[in-house]
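For reference, the structure discussed in these notes is given below.
Predicted, not measured: the structure shown is a model, and the values here were computed from it.
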Amino acid sequence: QVRLVESGGGSVQAGGSLKLSCVHSGYTDGRNCMAWFRQVPGKMREGVAAMSSTSTWTYYSDSSIKGRFRVSRDSATTVYLQISSLRPEDTAMYYCAAVDKLCATISPFDENQYAYWGQGTQVTVSS
């Protein structure tokens, strides 16, 4: 049984930084796409960043994300999201997602592509 567990969220002031982590436990053949999504109450969940286990290629949902968010991996089972220069509008629940396919073979910000989801970690940014 695959389980994703996020950590690293918290409450910070605008301009601060956080590093989120997600650990994938359970079977994986080492080839997967892991992604970060976020959701604000009352709004749809949106993709943020994604990265495959076998490539250094990274995906970001838009240019404003890429400048302040950095996705990285150190194994087939762990993905990180470094967020810098946090803004109040970054306040959201951040979710980790995974699928046993490489990111290049899917639409990495389509949440329907992902088979596994974590419970989320809350990020709150105060002005």
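- Legend: ring-ring contact (aromatic ring centres under 6.0 Å, His included) pairs involving residues 60-90, not counting sequence neighbours: none detected.
- Scored by the side chain to side chain donor-acceptor pair (under 3.5 Å) test, E6 finds no partners at all (sequence neighbours excluded).
- With sequence neighbours excluded, no residue satisfies side chain to side chain donor-acceptor pair (under 3.5 Å) with Q39.
- Under the rule for a side chain to side chain donor-acceptor pair (under 3.5 Å), the partners of S64 that lie at least two apart in sequence or sit in another chain are D62.
- A search for ring pair (Phe, Tyr, Trp, His ring centres under 6.0 Å) contacts involving Y94 returns nothing, not counting sequence neighbours.
- Sorted by first and then second residue, the pairs that involve residues 67-81 and meet salt bridge (Lys or Arg N to Asp or Glu O under 4.0 Å), not counting sequence neighbours, are R68-D90.
- The hydrophobic cluster of V23 has no other members, since no ILVMFWY side-chain heavy atom comes under 4.5 Å of it.
- Within the structure, the ring-ring contact (aromatic ring centres under 6.0 Å, His included) test picks out the following pairs touching residues 106-127 (sequence neighbours left out): F37-Y114, F37-W117.
- Rounded to the nearest 0.5 Å, atoms CH2 (W36) and CD1 (I65) are 13.5 Å apart.
- Under the salt bridge (charged side-chain N to carboxylate O under 4.0 Å, His left out) criterion, R3 pairs with no residue at all, not counting sequence neighbours.
- With sequence neighbours excluded, the residues forming a salt bridge (charged side-chain N to carboxylate O under 4.0 Å, His left out) with R45 are E111, listed by chain and number.
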Show me, pair by pair, the donor-acceptor contacts under 3.5 angstrom made by side chains of residues 118-125, not counting sequence neighbours?
| unit_1 | atom_1 | unit_2 | atom_2 | d |
| --- | --- | --- | --- | --- |
| T121 | OG1 | G9 | N | 3.1 |
| Q122 | NE2 | A92 | O | 3.4 |
| Q122 | NE2 | T124 | OG1 | 3.4 |

Output a table of donor-acceptor pairs, distance under 3.5 Å, between side-chain atoms of residues 11-22 and any protein atom two or more places apart or on a different chain; print 'none' if there are none.
none

